[in-house]
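For reference, the structure is listed below as structure tokens.
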Amino acid sequence: MFRRRGQGEEPKNDLELTDEETDVAADDAVDHADARSEGGPWDAEASFPELERIDFGAVQVPIGPGLEVQVNVEATEADAEGNPIGGRLVAITVVHGESGLQLQAFAAPKRSGIWDEVRRETGAEITEAGGQAEDAEGPFGTELRAMVPVQIPDEVKDQVPDEIREQGFAWQPVRFLGVDGPRWFLRGVVSGAAVEDEEQWQVLEDVFRNVVVLRGDQPMPPRELLELTLPEEAQEALGRPDEDDDDDGFNPFERGPEITEVR
């Protein structure tokens with residue numbers, strides 16, 4: 001649902017400017033960290049609360065009791081049988097109970113945020129796919145609340161009601177959160193019980209609010225995914241595959257749930 005504009009499409013609101021081009025207009029830059037409501041998510045160069053966080057490079061994710069952190073991997077290589085054997089990290093998912101919060105950080109222009117346009121595009125794509133989407137006010141400003149049609153995996157089709165199995169898809173409620181920071185944009189996708197359950201939502205809201213984003217100084221086109229890396233302890237664990245998972249609930253080798261559009 002989050003894509004860069006294709007060839008032949010006209011740019012809107014200077015969203016295709018590179019960082020070098022936006023530097024010319026530094027005097028007109030908007031400090032999105034000050035423009036949004038008080039509190040996080042936080043920029044790495046700002047003052048923010050000291051909490052225990054897992055460092056994934058561009059995104060530092062707070063952890064605590066009852067939270068499990070998973071990585072979402074996009075396959076980049078395959079073996080002779082077509083099985084994925086390599087990939088890159090594209091998102092981090094925090095799981096709490098029956099709920100998930102998927103996190104992704106992107107480059108953004110200096111002069112303007114991108115959440116308004118991304119939200120409109122995401123809502124339009126959900127509607128075109130047969131779902132429903134509408135703006136709503138939330139603790140981080142305007143968010144997108146949607147009902148997304150998702151395909152039913154074959155292994156669970158016998159566990160769903162007949163009418164759902166016959167139509168071939170189920171409806172999944174989702175909340176899309178977005179915050180424009182200084183030259184970055186953080187998106188959160190909430191799914192599961194937290195969409196409607198206030199207690200589970202509060203936990204994931206606190207996680208999102210305490211995320212720290214490290215933009216870096218390298219020039220990047222807007223909407224480019226900021227690089228995610230495995231933390232040092234996870235890289236060391238690659239050499240110890242038989243050891244038990246850490247007690248903090250972080251399993252770097254488990255693929256987390258992903259929210260994707262149905263085409």
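Keep in mind the model is a prediction, meaning the values are calculated, not measured.
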> Do you know the tightest heavy-atom contact between Ile114 and Asp180?
Replying inline: N-OD1, 2.9 Å
> Among all residues two or more places apart in sequence or in another chain, which pass the side-chain contact (heavy atoms from CB on, under 4.5 Å) test with Ala105?
Replying inline: Val59, Leu186, Val213, Leu226
>> Test of understanding: with side-chain contact (heavy atoms from CB on, under 4.5 Å), list the residues that count as partners of Ala44, not counting sequence neighbours.
In response: Val212, Leu214
>> Listing request: all ring-ring contact (aromatic ring centres under 6.0 Å, His included) pairs with a residue in residues 190-209, at least two apart in sequence or in separate chains.
In response: Phe140-Phe208
> If you look only at pairs with a residue in residues 138-148, which of them pass as a salt bridge (Lys or Arg N to Asp or Glu O under 4.0 Å), with sequence neighbours excluded?
Replying inline: Glu143-Arg145, Glu143-Arg175
> Got a sec, which residues hit salt bridge (charged side-chain N to carboxylate O under 4.0 Å, His left out) with Arg88, two or more places apart in sequence or on another chain?
Replying inline: Glu74
> Any idea which heavy atoms bring Ser99 and Leu204 closest together, and the distance?
Replying inline: CB-CD1, 3.8 Å
>> For Val179 versus Pro41, what's the shortest heavy-atom pair and its separation?
In response: CG2-CD, 3.8 Å
>> Tell me whether Gln104 contacts the main-chain N or O of Val90 through its side chain, where contact means a donor paired with an acceptor under 3.5 Å.
In response: yes
>> If I compare all heavy atoms of Ser191 with all of Gln172, which pair ends up nearest, and what's the gap?
In response: CB-NE2, 3.4 Å
> Hey, quick one: are Leu51 and Leu67 part of the same hydrophobic cluster, counting side-chain heavy atoms closer than 4.5 Å, chains of contacts allowed?
Replying inline: no
> Mind checking what makes salt bridge (charged side-chain N to carboxylate O under 4.0 Å, His left out) contact with Asp55, not counting sequence neighbours?
Replying inline: none
>> Within this structure, what is the CZ-CE distance for the pair Arg183 and Met220, rounded to the nearest 0.5 Å?
In response: 9.5 Å
> Which ring-ring contact (aromatic ring centres under 6.0 Å, His included) pairs, counting each pair once, include a residue from residues 112-132, with sequence neighbours left out?
Replying inline: Trp115-Phe185
>> Can you pull out every ring-ring contact (aromatic ring centres under 6.0 Å, His included) where at least one residue sits in residues 60-83? Sequence neighbours excluded, please.
In response: none
> Which pairs with one or both residues in residues 99-109 pass salt bridge (Lys or Arg N to Asp or Glu O under 4.0 Å), sequence neighbours excluded?
Replying inline: none
> For the atom pair CD (Gln60) and CZ (Phe48), what is the distance rounded to the nearest 0.5 Å?
Replying inline: 5.5 Å
Run the side-chain donor-acceptor check on residues 127-136: report pairs under 3.5 Å with partners two or more places apart or on a different chain.
from   : atom 1 : to     : atom 2 : distance (Å)
Thr127 : OG1    : Gly123 : O      : 2.9
Asp135 : OD1    : Arg119 : NE     : 3.2
Asp135 : OD2    : Arg119 : NE     : 3.4

>> Quick test of your reading: applying salt bridge (Lys or Arg N to Asp or Glu O under 4.0 Å), list the pairs with at least one residue in residues 194-206, sequence neighbours left out, ordered by first then second residue.
In response: Glu205-Arg209
